[in-house]
Amino acid sequence: MMPRRDFLSRVWAGLGLAAAAGSGYVGLRFLASQTAEGNFGGVVTAGMVEDFPLNTVTPFPNARFFLVRQDDGGFLALYHKCTHLACTLLWRETDDEFYCPCHGSRFQADGRVHNRPASRSLSCFPVSFEGDTVLVDTGSLIERDQVEPGDIVYPSEAAP
Ligand code: FES
């Protein structure tokens, strides 16, 4: 018979794996800041699809967004302002989450609230593709009460 401590260890390990698999954002790597071609308020060119490896978060401070590339190839451009009182967010790689230094709100990599006082998911910008080029329309902010699957967009070869 398995000792109780071993049994509990395995249960916790299993729960951790299940939670990690469910989130879909395990181990996102933070890439160096990039400069987009174009100005905030318009359509900016983030780069080529292959510039953004799977499971990465790339900050574009001048264009005011983070470009998240999921493990399934999908892209999401999140506005870098907290939905509480609009402080600029930081990415905390150790916890795989966005963190607000002002009052401690935390957000998952898809923008949903993980810790208040913020109550709304992070806003995002439409992402589109021109061939293999990733475009982000920073003039069309999408405010979200909750995260929708349609917020993630895929280059044609990566569509699930
Ligand atoms: S502005 Fe982000 S938690 Fe208050």
Side-chain angles (χ1 to χ4, degrees), residues 12 15-49 51-129 133-155 158 160:
W12 281 115
L15 288 173
L17 284 175
S23 74
Y25 289 107
V26 179
L28 285 169
R29 206 155 40 94
F30 191 70
L31 301 182
S33 292
Q34 298 289 315
T35 303
E37 282 179 36
N39 297 317
F40 177 76
V43 176
V44 302
T45 302
M48 304 300 286
V49 168
D51 294 338
F52 306 100
L54 302 181
N55 287 321
T56 54
V57 175
T58 308
F60 286 83
N62 293 345
R64 306 182 195 177
F65 65 85
F66 292 97
L67 190 62
V68 178
R69 182 100 197 259
Q70 296 192 142
D71 59 357
D72 65 357
F75 282 87
L76 176 66
L78 293 170
Y79 189 34
H80 73 181
K81 295 290 186 187
C82 178
T83 54
H84 180 225
L85 294 174
C87 285
T88 300
L89 298 165
L90 306 170
W91 172 254
R92 243 186 353 202
E93 192 164 12
T94 50
D95 298 316
D96 267 352
E97 65 184 11
F98 295 100
Y99 169 74
C100 181
C102 291
H103 313 105
S105 287
R106 298 184 343 240
F107 302 85
Q108 294 179 15
D110 61 2
R112 78 186 70 206
V113 176
H114 190 226
N115 193 59
R116 295 172 79 94
S119 58
R120 281 189 308 107
S121 297
L122 295 180
S123 301
C124 62
F125 298 111
V127 176
S128 60
F129 304 95
T133 303
V134 183
L135 304 173
V136 178
D137 184 358
T138 61
S140 302
L141 187 69
I142 302 167
E143 295 186 339
R144 311 182 294 174
D145 286 328
Q146 59 188 21
V147 170
E148 302 289 346
D151 299 335
I152 312 285
V153 294
Y154 296 84

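All values below come from the heavy atoms of this structure, side chains included, with hydrogens, waters and symmetry mates left out. Whatever order the structure lists ligands and atoms in, that order sets their numbers, starting from 1.
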* Considering only the SG atoms, does Cys87 lie under 2.5 Å from Cys102? -> yes

Do Thr88 and Lys81 make a side-chain contact, defined as non-hydrogen atoms from C-beta onward lying under 4.5 Å apart?
yes

Contacts satisfying salt bridge (Lys or Arg N to Asp or Glu O under 4.0 Å) that involve residues 82-95 (not counting sequence neighbours) are Arg92-Asp95, Arg92-Glu97

Is any side-chain heavy atom of Phe98 less than 4.5 Å from a side-chain heavy atom of Ser105? no

Ligand 1 to Cys82, heavy atom cutoff 4.0 Å, flagged ligand atoms 1 (S), 2 (Fe), 3 (S)

Per residue His84, nearest N, O or S atom to atom 4 (Fe) of ligand 1 is named ND1

Under 4.0 Å from one or more heavy atoms of Ser105, ligand 1 contributes atoms 3 (S)

Ligand 1 atoms nearer than 4.0 angstrom to some heavy atom of Leu85 are 1 (S)

**Message:** Looking at atom 2 (Fe) of ligand 1, is there an N, O or S atom belonging to Cys100 that lies under 2.8 Å away from it?
**Reply:** yes

Atoms of ligand 1 under 4.0 Å from any heavy atom of Cys87, numbered from 1 in the order shown, are 1 (S)

Checking Leu76, Ile142, Asp151, Leu78 against Leu122 for side-chain contact (heavy atoms from CB on, under 4.5 Å), the one that qualifies is Leu78

In the structure I gave you, are the side-chain heavy atoms of Pro155 and Phe75 within less than 4.5 Å of one another anywhere? yes

The atom of His103 among N, O or S that is nearest atom 4 (Fe) of ligand 1 is ND1

